[in-house]
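Here the structure is laid out as structure tokens; the discussion comes afterwards.
Since we're looking at a predicted model, the values are computed, not measured.
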Amino acid sequence: MRLLVGLKVIADLVDSECILSAALMDSEGFTIERTSSDFKPTSMAEIIDLQPNSPLITLVGENSTIIISKLETGHSIAIQCPNDGNLGKARLKLSKACAAILPFL
């Protein structure tokens with residue numbers, strides 16, 4: 001039950017406006033939950049390891065922007081945003097989701 005509520009937090013991030021997809025990853029970089037099979041955040045585990053002291057990592061790509069927030073539990077939440085989307089709103093939603101999911105991890 002606890003995990004189901006946590007997974008709902010991930011699903012609720014997606015609004016198709018500023019967040020296209022979202023994923024929850026464990027401390028090893030494995031995907032626990034994701035909202036789209038096209039979104040493969042496990043390939044970003046190496047990038048997370050490059051910035052061990054940074055709680056928030058933003059990767060701007062050709063087709064989308066990925067924002068990864070590291071949680072104190074070792075988990076991470078990654079979101080995929082359109083390049084022309086509102087990244088400030090996306091970061092705010094991500095921040096709220098990080099706080100909301102902590103009790104369920």
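Listed here is the closest heavy atom pair of Ser21 and Val14: CA-CG2, 3.7 Å. Nearest heavy atom pair, residue Pro82 against residue Leu20, reads CD-CG, 3.7 Å. Taking all atoms of both residues into account, the shortest heavy-atom contact from Leu13 to Ala97 is CD2-CB, 3.7 Å.
Hydrophobic clustering of Ile, Leu, Val, Met, Phe, Trp and Tyr side chains at less than 4.5 Å, counting indirect connections, unites Leu102 with Leu24.
Atom-to-atom distance recorded for Leu87:CG and Cys81:SG is 5.5 Å, nearest 0.5 angstrom. In this structure, OG in Ser76 is found 4.5 Å from CE in Met25, a value given to the nearest 0.5 Å.
Formation of a donor-acceptor pair under 3.5 Å by the Arg34 side chain with backbone atoms of Ala22 is not found in this model. Of the possible donor and acceptor atoms, one in the side chain of Ser36 sits under 3.5 Å from a partner among the backbone N and O of Asp38.
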Side-chain donor-acceptor distances from residues 55-67 under 3.5 Å, at least two apart:
unit_1: Thr58; atom_1: OG1; unit_2: Arg91; atom_2: NH2; d: 3.3
unit_1: Ser64; atom_1: OG; unit_2: Gln80; atom_2: NE2; d: 3.2
unit_1: Thr65; atom_1: OG1; unit_2: Asn83; atom_2: OD1; d: 2.7

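Take Asp12 and apply the side-chain contact (heavy atoms from CB on, under 4.5 Å) test, not counting sequence neighbours, and it matches Lys8. With sequence neighbours excluded, no residue forms a side-chain hydrogen bond (donor to acceptor under 3.5 Å, both in side chains) with Thr35. Glu17 pairs by the side-chain hydrogen bond (donor to acceptor under 3.5 Å, both in side chains) definition with Lys89, not counting sequence neighbours. Every residue was checked against the side-chain hydrogen bond (donor to acceptor under 3.5 Å, both in side chains) condition with Ser27, not counting sequence neighbours, and none meets it.
Residues Cys98 and Ser69 have side chains in contact (heavy-atom distance under 4.5 Å, counting atoms from C-beta outward).
None of Ile32, Ile77, Ile79 except one satisfies the side-chain contact (heavy atoms from CB on, under 4.5 Å) rule with Ile10; the exception is Ile77.
Among residue pairs with one or both ends in residues 93-105, those qualifying as side-chain hydrogen bond (donor to acceptor under 3.5 Å, both in side chains) are Asp15-Lys93; sequence neighbours excluded.
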